[in-house]
Number of protein chains: 2
Amino acid sequence: MELSRRLSSRGYRRTRQRDAVFDVLAENAGRPMKAEEVLVLAKEKAPGIGIATVYRALELFVELGVAQQVHLHERSQHYEVDTGHHHHYMVCVSCGSREQLDACTMDKLEDVIKDETDFLVTSHCLGLWGYCSSCLPGKA
Amino acid sequence: MELSRRLSSRGYRRTRQRDAVFDVLAENAGRPMKAEEVLVLAKEKAPGIGIATVYRALELFVELGVAQQVHLHERSQHYEVDTGHHHHYMVCVSCGSREQLDACTMDKLEDVIKDETDFLVTSHCLGLWGYCSSCLPGKA
DNA sequence: TAAGATATTGATAATGATTCTCAACAAGGG
DNA sequence: CCCTTGTTGAGAATCATTATCAATATCTTA
Ligand SMILES: [Mn+2]
Ligand SMILES: [Mn+2]
Ligand SMILES: [Zn+2]
Ligand SMILES: [Zn+2]
């Protein structure tokens, strides 16, 4: 398995708990999840797993590049498996629903930045807020 | 004063503490500040002001549209006065310095979204990470 | 300008997410 | 199978932010 190789090549060990956390993320690809949500589902695969272990696994996965942190500006952080497919989210300020957005204009902006500044951009984060189609009609 | 009017028109009262917090933000326009940073400076203008009051003022100012929340993905939130000048920040992952960026390609992206989805975008958040000119040379 | 209704404040407790500690445990190379 | 060492779970500790609540300040009205 891909995860297994990434772990061992860096001296990390493969464990039942890490497999569980990764599988939960993989089974929910494209859906940002909180640590607590991951914990609940991971318990079905690795009974007894603790929240600290979930946090440790998520952090490690980001370091290994197999997961991504998704900043939705809520109290807690969200994570999702890194499928290599670049995308962002549009969050409805009315119902909280999240829609994936595949378009991204960062390339153009990064060109501008390269030309006009001395800053080297290596990553970006984009979030969009507004109203989803279900909430638009009754928008106060 | 502008703040004074915005407050009273909504039934809020003008207080020494709110003036202090606002002045601190205004004197540091274009520099995202944490509540604790605001507190320290606000104490010079309104001795005795507490951290809870700072948080309450910041929240209120965002509601009134005179301040903005800036998400830098740190543990604490940052705030700055809303000067009406749209911008974002580039954060150096090496030294933590922040550079203001005036360019923004959201307009184009919002057009795409309007054409391709039913979502109505009302606001966005953009963050850029990378290396500032001082850190580029020694970049590990 | 005094009085009253009520918005606001400061101190402090409470909360919630995340991180830390540490002894018990498990992975995997030899 | 053994041993070294990475990993785990429980619970304490942190840290930012929010909630409480009695005391106080503001602003409108008389
Ligand atoms: Mn981000
Ligand atoms: Mn934001
Ligand atoms: Zn909605
Ligand atoms: Zn730098």
Side-chain angles (χ1 to χ4, degrees), chain A residues 1 3-24 32-64 66-67 69-79 96, chain B residues 1 3-24 32-64 66-79:
Chain A
M1 180 207 279
L3 176 63
S4 191
R5 216 174 325 120
R6 297 225 191 188
L7 286 170
S8 57
S9 72
R10 296 251 230 145
Y12 295 114
R13 293 176 182 172
R14 181 179 182 184
T15 67
R16 190 165 38 91
Q17 292 87 340
R18 284 174 179 166
D19 273 357
V21 170
F22 183 80
D23 289 347
V24 167
M33 304 180 79
K34 301 191 228 188
E36 285 292 348
E37 295 179 300
V38 173
L39 175 65
V40 171
L41 297 176
K43 274 181 175 165
E44 296 173 7
K45 302 164 188 293
I49 185 174
I51 186 64
T53 296
V54 171
Y55 275 107
R56 287 185 287 235
L58 292 173
E59 179 187 26
L60 177 60
F61 292 167
V62 170
E63 180 194 327
L64 295 178
V66 298
Q69 213 175 6
V70 178
H71 301 281
L72 297 174
H73 300 161
E74 292 181 16
R75 262 130 150 311
S76 51
Q77 296 302 312
H78 290 68
Y79 294 84
Chain B
M1 181 208 279
L3 176 63
S4 192
R5 215 174 326 121
R6 297 226 191 187
L7 286 171
S8 57
S9 73
R10 295 250 230 143
Y12 295 114
R13 293 175 182 175
R14 181 178 183 186
T15 67
R16 191 165 37 90
Q17 291 87 340
R18 285 175 178 164
D19 274 356
V21 170
F22 183 80
D23 289 347
V24 166
M33 305 181 78
K34 301 190 227 188
E36 284 292 348
E37 295 178 301
V38 173
L39 175 66
V40 172
L41 298 176
K43 274 181 175 163
E44 297 173 6
K45 301 165 189 291
I49 185 174
I51 186 66
T53 296
V54 170
Y55 275 107
R56 287 185 286 234
L58 292 173
E59 180 188 25
L60 176 60
F61 292 168
V62 169
E63 180 194 326
L64 295 178
V66 298
Q68 285 183 298
Q69 213 175 5
V70 179
H71 301 282
L72 297 174
H73 300 162
E74 292 181 15
R75 260 125 152 314
S76 50
Q77 297 301 313
H78 290 68
Y79 295 83

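Both backbone and side-chain heavy atoms feed into the values below; hydrogens, waters and symmetry mates do not. In what follows, chains are A, B, ... by sequence order, proteins preceding strands, each numbered from 1.
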- Item | Nearest non-hydrogen partners of Lys34(A) and Ser76(A), listed with the distance |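 Smallest heavy-atom distance, with atoms named: CD-OG, 2.9 Å.
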- Over all atoms of both residues, closest heavy-atom pair of Pro32(B) and Leu72(B): CB-CD1, 4.1 Å
Integer-rounded Å distance: [N] [atom2] and [X] [atom1]:
X        : N       : atom1 : atom2 : answer
His73(A) : dA16(D) : NE2   : P     : 18 Å
His71(B) : dA16(D) : NE2   : P     : 17 Å
Glu59(B) : dT8(C)  : CD    : C1'   : 14 Å
Glu37(B) : dA16(D) : CD    : C1'   : 14 Å
Gln69(A) : dA17(C) : CD    : C1'   : 13 Å
Arg16(B) : dT26(D) : CZ    : C1'   : 12 Å
Asp19(A) : dA26(C) : CG    : P     : 16 Å
Glu36(B) : dA16(D) : CD    : P     : 7 Å

- Query: Are His73(B) and His73(A) close enough that their ring centers fall under 6.0 Å?
  - Reply: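 Ring centres of His73(A) and His73(B) closer than 6.0 Å.
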- Item | CA sep, side-chain torsions, deciding dist, call: Glu44(A), Leu41(A), side-chain contact (heavy atoms from CB on, under 4.5 Å) | CA-CA 6 Å; Glu44(A) 296 173 7; Leu41(A) 297 176; 4.1 Å; yes
- Looking at every strand, decide which applies to Ile51(B) at a 4.0 Å heavy-atom threshold: base, sugar-phosphate, or nothing. nothing
Nearest of [options] to any side-chain atom of [X]?
X        : options                   : value
Arg18(A) : dA11(C), dT8(D), dA16(D)  : dT8(D)
Arg75(A) : dT8(D), dA17(C), dT18(C)  : dA17(C)
Arg56(B) : dT18(C), dA11(C), dG11(D) : dA11(C)

- Message: Could you check whether any side-chain N or O of Ser9(A) sits under 3.5 Å from a backbone N or O of Arg5(A), counting only pairs where one atom can act as donor and the other as acceptor?
- Response: yes
- Query: Can you check whether Ser4(A)'s main-chain N or O pairs, donor with acceptor, with Ser8(A)'s side chain at less than 3.5 Å?
  - Reply: yes
Enumerate the protein-to-nucleotides 28-30 of chain C contacts in which both atoms are nitrogen or oxygen and the separation is below 3.5 Å.
unit_1	atom_1	unit_2	atom_2	d
dG28(C)	OP1	Arg14(A)	N	3.2

- Note on the structure: Output for pair (Ile49(B) CD1, Arg18(B) CZ), nearest 0.5 Å, gives 10.5 Å
- Message: Let me spell it out: for each of Val54(B) and Gln77(A), pick the nucleotide of DNA chain C with the closest heavy atom. Which residue's pick is nearer the 5' end?
- Response: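 Of the two residues, Val54(B) wins.
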- Query: Quantified as the angle between the terminal helix axes (five pairs each), what is the overall bend of the helix from dT1(C)-dA30(D) to dG30(C)-dC1(D) to 10 degrees?
  - Reply: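 That helix has its two terminal axes inclined by roughly 30°.
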- Message: Measuring to OP1 and OP2 of dT18(C), would you say a side-chain N or O of Tyr55(A) lies under 4.0 angstrom away?
- Response: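 For Tyr55(A), the contact criterion (side-chain N or O under 4.0 Å from OP1 or OP2 of dT18(C)) is met.
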- Give a yes-or-no answer on whether the side chains of Tyr12(B) and Glu63(B) include a donor-acceptor pair shorter than 3.5 Å. yes
- Item | Donor-acceptor pair between Gln77(A) and His71(A) side chains, under 3.5 angstrom |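 Gln77(A) vs His71(A): donor-acceptor pair found between side chains.
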- When the nearest nucleotide of DNA chain D is assigned to Gln17(B) and to Lys34(B) on a heavy-atom basis, which residue is associated with the more 5' position? Lys34(B)
- Message: For Phe61(B) and Phe22(B), take the angle between the two ring planes, folded into 0 to 90°, and tell me which bin it lands in: parallel under 30, tilted 30 to 60, perpendicular over 60.
- Response: perpendicular
